[in-house]
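To start, the structure under review is shown below, and the notes come after it.
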Protein chains: 2
Amino acid sequence: MSETKGPEATTGESPESRTAELRLEKFLPYRLSVLSNRVSNAIAGAYGAKFGLTLPAWRVMAILGRYPGLSAAELVEQTAMDKVAISRAVSALLKSEYLERKEDQVDRRRQMLYLSESGKGVYNRIVPLAKRYENDLMASLTEEERVQLDVILEKLMSRALEWGMHGLASHED
Amino acid sequence: MSETKGPEATTGESPESRTAELRLEKFLPYRLSVLSNRVSNAIAGAYGAKFGLTLPAWRVMAILGRYPGLSAAELVEQTAMDKVAISRAVSALLKSEYLERKEDQVDRRRQMLYLSESGKGVYNRIVPLAKRYENDLMASLTEEERVQLDVILEKLMSRALEWGMHGLASHED
DNA sequence: CCACACAGGTTACATTTGAAACCAATGTTA
DNA sequence: TAACATTGGTTTCAAATGTAACCTGTGTGG
């Protein structure tokens, strides 16, 4: 079959010999990273060009479009982005008038965030664009595969999440 | 069927009403990005701490471990990283003596790259580490799902690749 | 009421990253 | 063999990102 030519093909060395081997093209973390970058860049390029939005800014809008009135801290939870990224995205969006904020009267540190009218306008135009990209990707899969993918991503995600909490059990060699 | 509560659940507005809606948590590009970042950061952290390698540097080593003698340009093809990233990774690795380079006598612009002895040492210790992470992730999937994932990633990747070439057919609204 | 620890956000600084200009060396055309 | 386009690779500069320090404003213990 289409075995990509590898070192051992010419040396005859077995894959489990003393020498470690890694096929990057089949290495999951690598594949995820490449795929994710390609996809994100393509989409970010599209609305970046049209609306002058950065990817983090767009994410903030995406969340606020569905959950108006969230605070920055809550955005952090929802988006898995960090404090600073959110803060910067928000202040950019305030400057471009896509967002408005209201102080929470009971806790004066807290700022509630909303899409402005023009923000909603942009939101309503980007969402379909974003969906077109996603649909186009998904169109390359069968209905079955789309379901499988959902399940798989969920599992991988929750596994990876656990690393964040207690690292990978190390063999300490 | 486990519809996560969304705005329309409370408003009774239909998903296909005038107002666009996007569920970020289910939006493929977003999920890929979050998963990929978590995974990459976890792993990069691990060997970054132990061997002082950046992620791009590690990728370069990963490739050269299997395909010694490649040039920077060829690394670009293999890794989907760009010229500059490769150039920097390589010069860092030369400085830390994990890499050696030989001028190609027939084309004197071209540099052939090899892992040094100590580079090979590092490589041989990182590969198992990397594999442990991957295995740990994969362990959360059934054997079937692993196969499915492989197929799906391949499809998504080739779709995304086409965007790079002739963009997404735009409706120009 | 006065410390003190803590949560929400922002700012400052250092690093990383990417785009474009750049410097060879090579190939090509005439 | 003189021009010119091309390719391998590096450098430069600006923008994006992450970390840690920092300023509020809130809660809590004494």
Side-chain angles (χ1 to χ4, degrees), chain A residues 33-34 36-38 40-45 47-49 52-60 63-64 69-96 99-114 164, chain B residues 33-34 36-38 40-45 47-49 52-60 63-64 69-96 99-114 164:
Chain A
S33 160
V34 172
S36 164
N37 284 340
R38 276 196 211 288
S40 290
N41 289 340
I43 305 187
Y47 51 63
L53 290 178
T54 64
L55 193 142
W58 152 239
R59 281 187 187 168
V60 165
I63 296 284
L64 289 178
L70 291 192
S71 69
E74 289 161 334
L75 284 176
V76 169
E77 284 177 33
Q78 293 278 330
T79 59
M81 298 162 57
D82 78 14
K83 262 170 164 284
V84 185
I86 295 282
S87 172
R88 288 200 264 240
V90 166
S91 66
L93 288 171
L94 287 171
K95 196 169 310 169
S96 51
L99 242 58
E100 286 161 8
R101 71 174 144 188
K102 260 198 308 203
E103 252 201 5
D104 184 338
Q105 278 320 74
V106 27
D107 182 343
R108 298 209 325 282
R109 294 168 299 185
R110 196 148 205 287
Q111 323 255 33
M112 303 187 292
L113 301 165
Y114 303 88
Chain B
S33 159
V34 172
S36 164
N37 284 339
R38 277 197 210 288
S40 290
N41 289 339
I43 304 186
Y47 51 63
L53 290 179
T54 63
L55 192 144
W58 152 240
R59 281 188 186 167
V60 165
I63 297 283
L64 290 178
L70 292 192
S71 68
E74 288 161 336
L75 285 175
V76 169
E77 283 177 34
Q78 292 278 331
T79 58
M81 297 162 56
D82 77 15
K83 260 171 164 285
V84 185
I86 295 282
S87 171
R88 290 200 261 240
V90 166
S91 65
L93 288 170
L94 287 171
K95 195 170 309 168
S96 51
L99 243 57
E100 287 161 7
R101 69 175 147 189
K102 260 197 310 204
E103 251 202 6
D104 183 338
Q105 280 319 75
V106 28
D107 182 343
R108 298 210 326 284
R109 292 168 301 184
R110 196 148 200 287
Q111 324 256 31
M112 302 187 291
L113 300 164
Y114 304 87

Distance, rounded to the nearest Å, where B:Asp104 contributes CG and D:dT7 contributes C1': 13 Å
Under 4.0 Å between any heavy atoms, over every strand shown, what does A:Ser91 touch: base, sugar-phosphate, or nothing? Just pick one. nothing
Distance only, no hydrogens: is a donor on one side chain within 3.5 Å (strictly under) of an acceptor on the other, for B:Arg38 and B:Ser33? no
For the pair made of CG in A:Asn37 and P in C:dT17, what is the distance, rounded to whole Å? 11 Å
May I have the list of side-chain donor-acceptor pairs in residues 80-89 of chain A shorter than 3.5 Å, sequence neighbours left out?
unit_1  : atom_1 : unit_2  : atom_2 : d
A:Asp82 : OD1    : A:Val84 : N      : 3.1
A:Asp82 : OD1    : A:Ala85 : N      : 2.9

What is the minimum heavy-atom distance between A:Ser71 and A:Leu113, and which atoms define it? C-CD1, 4.4 Å
If you check the B:Arg110 side chain, which of D:dG8, C:dA20, C:dT26 turns out closest? D:dG8
Closest to the B:Val84 side chain, choosing from C:dG18, C:dA12, D:dG25: C:dG18
Nearest-Å distance for atom pair CZ/C1', residues A:Arg59 and D:dA16: 14 Å
Starting from P on C:dG9, measure out to CE on A:Met112 and report it in whole angstrom. 11 Å
Specify the separation, in whole Å, of atom CZ of A:Arg108 and atom P of C:dC6. 22 Å
Touch check for B:Val106, heavy atoms < 4.0 angstrom, all strands: base, sugar-phosphate only, or nothing? sugar-phosphate
DNA chain D nearest-nucleotide lookup for A:Gln105 and A:Ala85: closer to the 5′ end is A:Ala85
Quick one: on DNA chain C, does A:Arg101 or A:Arg109 contact a more 5' nucleotide (nearest heavy atom)? A:Arg109
Going by heavy atoms in the side chains, are B:Lys102 and B:Gln111 under 4.5 Å from each other? no
How would you label the contact of B:Thr54 with the nucleic acid (heavy atoms, under 4.0 Å): base, sugar-phosphate, or nothing? nothing
Could you check how far CD of B:Glu103 sits from C1' of C:dA25, rounded to whole Å? 10 Å
Do A:Arg88 side-chain and D:dG18 base share a donor-acceptor contact under 3.5 Å? yes
Round to the nearest Å and state the distance from A:Asp82 atom CG to D:dA16 atom P. 16 Å
5' priority, DNA chain C, between A:Asn41 and A:Glu74 [closest heavy atom]: A:Glu74
If each of B:Ala72 and A:Pro56 is mapped to the nucleotide of DNA chain D with the nearest heavy atom, which maps nearer the 5' terminus, i.e. the 5' end? B:Ala72
Are any of B:Ser87's side-chain N or O atoms less than 4.0 Å away from OP1 or OP2 of D:dT10? yes
Can you check the A:Lys83 NZ to D:dA21 P distance for me, whole Å? 14 Å
Of all the nucleotides listed (D:dT11, D:dT26, D:dA20), which has the minimum atom distance to the side chain of A:Asp107? D:dT26
So do the side chains of B:Val60 and B:Leu75 get within less than 4.5 Å of each other, counting heavy atoms only? yes
